[in-house]
Amino acid sequence: MSATTSTRDEVRTYGGWRAPRSAGVGALTMAETMFLLGGMIVVVMVYVTFGVPWAGGVLALGGPVLYLVVTKDKHGVSIMDRRLESLRFSRARRRGANRYVSGPLAPRYTTGGFRAPGVLWRTTLSEHEDVIGRRFALLRHGDGSMAVVMGLSPAGTRLVDLDQANDLVALWGQWLASLSGEAGVVAASAVVETCPDSGERLRRAVARQASAQAPAAARAVMDEVVESSASGADDIRVWATLTFSPSSLGAGRRRLVEREIATRLPGLTQTLQYAGTGAVHLLTAQEVCVMARVAFDPASAPLFDAAASRGQQVSLSWGEAGPAGHETGWDSYRHDSGTSRMWTMSSPPSGTVQFTILAPILGMHPDVERKRVALLYLPMDSAKAPDAIDADVNQASARLDSRARPRARDVREAQITHQMADEEAAGAGLVDIGAIITCTTTTGGIDEASAPVESLAASSRLIIRPAWGAQDSGFAVGLPLGLTPGDQSMGGGR
């Protein structure tokens with residue numbers, strides 16, 4: 001990330017995000033270039049061995065294949081990739097792998113509960129205590145990674161000065177950069193969810209502060225204000241998740257890994273709080289279960305709020321936090337009382353932006369019932385970052401030198417890579433970023449509910465693409481549970 005300051009309005013801007021790309025011939029990547037060269041070699045060999053007619057036939061067959069591979073849309077996805085996505089989903093639907101039923105009515109009812117499906121099937125949950133006595137939930141996923149979920153209460157930037165807002169952005173960037181040098185941390189995420197507020201928290205807050213000696217008229221006025229404020233109100237919830245790799249922690253046995261994480265948590269939460277996130281609360285196992293259950297069954301949220309307002313403790317285990325059933329469609333995901341659609345970020349905001357660039361997509365919208373934005377961060381090991389930066393610089397320079405008249409985009413990319421190299425040499429961290437946006441509705445059609453989300457993403461200058469054929473996996477990765485994109489072991493949950 002780079003920062004520049006405009007002397008005219010003194011507003012700091014940010015930019016310099018780029019996707020690593022291997023150098024090839026023209027606009028082709030290295031893999032596509034090798035595919036092209038391999039095809040040319042095959043044509044020449046066929047020509048030498050069998051003559052022109054056979055070589056022409058091979059060229060006629062290979063040309064369309066090459067066209068399907070190198071022709072890409074604005075998301076960088078080729079025609080061949082889109083076709084393979086469709087074939088994989090069609091094969092999964094024929095096998096019935098896009099449907100899931102749990103509980104007593106499940107065809108293979110053996111667990112006695114409602115396990116989370118798909119990439120969360122092999123996830124287990126346990127609760128531990130860190131070195132200063134705080135209870136925290138520890139998720140262990142199918143790929144062996146372990147995650148800790150933290151609740152945040154950021155104050156936002158609406159009522160702060162510009163200098164303070166710039167400082168908050170810088171502190172958040174420093175915290176992300178520090179993860180590159182934190183042994184064992186392989187991923188982090190920040191999840192912002194906007195959802196309807198049942199009003200129970202407001203009622204509890206007013207009830208705690210109400211005086212028994214207050215006049216009846218005052219109590220009636222307060223009750224009316226609470227009821228009018230609670231109806232139609234929205235709630236914003238923010239979580240941060242850290243994902244650890246047991247092998248990178250240097251501890252062999254599972255108990256030693258858990259102890260190592262418990263030792264590191266106080267320092268990690270303290271630095272996170274310094275980054276402007278407000279109070280940091282480690283979620284307990286019960287809170288993680290409730291959060292997952294509400295995500296799969298949004299209609300249950302008022303029930304949990306009502307129980308909390310009455311001081312009742314809801315006993316919910318991880319084996320009961322999943323849906324009773326789901327069905328994954330090509331562009332939607334039905335789960336219990338909700339229907340969701342997921343998008344992935346194809347490209348971050350281009351050019352330079354101000355710190356408010358993500359405000360539209362993160363904020364509330366009256367026509368969107370539930371919206372969850374997960375910002376995914378994969379910090380690169382500080383020992384590997386210099387080599388990765390050098391490779392980017394060399395490849396950008398090679399693309400610049402391969403053209404007699406370089407494009408403005410190539411010139412700009414070369415400038416960005418050199419600036420990234422200078423900043424990394426000065427101590428900055430290298431972090432891969434991504435985003436998953438989830439829209440959930442319990443009342444209307446998903447098409448009507450998702451239309452405003454695409455407009456909000458465009459206002460934030462994000463290029464997003466629906467997670468075609470992978471809606472269930474996108475839903476799970478978009479939750480604050482510490483799943484990292486990639487191959488996750490799904491076990492028998494498909």
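None of the values given here were measured: they were computed from a predicted structure.
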Any donor-acceptor pair under 3.5 Å from [X] side chain to [Y] backbone:
X      : Y      : answer
Thr284 : Phe136 : no
His418 : Glu413 : no
Thr269 : Pro266 : yes
Ser178 : Trp175 : yes
Glu454 : Ser450 : no
Thr243 : Gly482 : yes
Ser332 : Gly329 : no

Exercise: identify the closest heavy-atom pair between [X] and [Y]:
X      : Y      : answer
Ala388 : Met380 : CB-SD, 3.6 Å
Pro349 : Trp17  : O-CE3, 3.4 Å
Gly474 : Ile436 : O-CG2, 3.7 Å

Go through the steps to decide whether Glu85 and Arg465 satisfy the test salt bridge (Lys or Arg N to Asp or Glu O under 4.0 Å), and finish with yes or no. CA-CA 13 Å; Glu85 285 178 344; Arg465 178 178 185 265; 2.8 Å; yes
Does Arg461, at its CZ atom, have more than 12 non-hydrogen atoms belonging to other residues, nucleotides or ligands within less than 6.0 Å? yes
Worked check of salt bridge (Lys or Arg N to Asp or Glu O under 4.0 Å) between Asp235 and Arg370: CA-CA 10 Å; Asp235 186 20; Arg370 283 180 173 268; over 6 Å; no
Within this structure, what is the [atom1]-[atom2] distance for the pair [X] and [Y], rounded to the nearest 0.5 Å?
X      : Y      : atom1 : atom2 : value
Gln270 : Leu265 : CD    : CG    : 12.5 Å
Gln415 : Thr417 : CD    : OG1   : 9.0 Å
Gln419 : Ile389 : CD    : CD1   : 11.0 Å
Thr440 : Ile446 : OG1   : CD1   : 6.5 Å

Ring centroids only, cut at 6.0 angstrom: are Trp468 and Phe89 within range, meaning strictly under it? no
Under the salt bridge (Lys or Arg N to Asp or Glu O under 4.0 Å) test, residues paired with [X] that sit two or more places apart:
X      : answer
Asp447 : Arg341
Glu448 : none
Arg83  : none

Asp73 and Arg82 ion-paired at < 4.0 Å: yes
Assess whether a salt bridge exists between Arg12 and Asp167, defined as any Lys/Arg side-chain N lying under 4.0 Å from an Asp/Glu carboxylate O. no
Please state whether the rings of Tyr377 and Trp172 are parallel, tilted or perpendicular, taking 30° and 60° as the class boundaries. perpendicular
Look at the rings of Tyr333 and His326 and say which category their plane angle falls in: under 30° parallel, 30 to 60° tilted, over 60° perpendicular. perpendicular
Sort and list the pairs that fulfil side chain to side chain donor-acceptor pair (under 3.5 Å) and have at least one residue in residues 179-194, not counting sequence neighbours. Glu182-Arg264, Glu193-Arg372
Would you be so kind as to tabulate the donor-acceptor pairs closer than 3.5 Å made by side chains of residues 358-368, with sequence neighbours excluded?
{"residue": "His365", "atom": "ND1", "partner": "Asp367", "partner atom": "N", "Å": "3.0"}

Pair Asp297, Ser337: side-chain N/O donor-acceptor within cut-off below 3.5 Å: yes
How would you list, by chain and number, every residue that makes a side chain to side chain donor-acceptor pair (under 3.5 Å) with Ser346, sequence neighbours excluded? His75
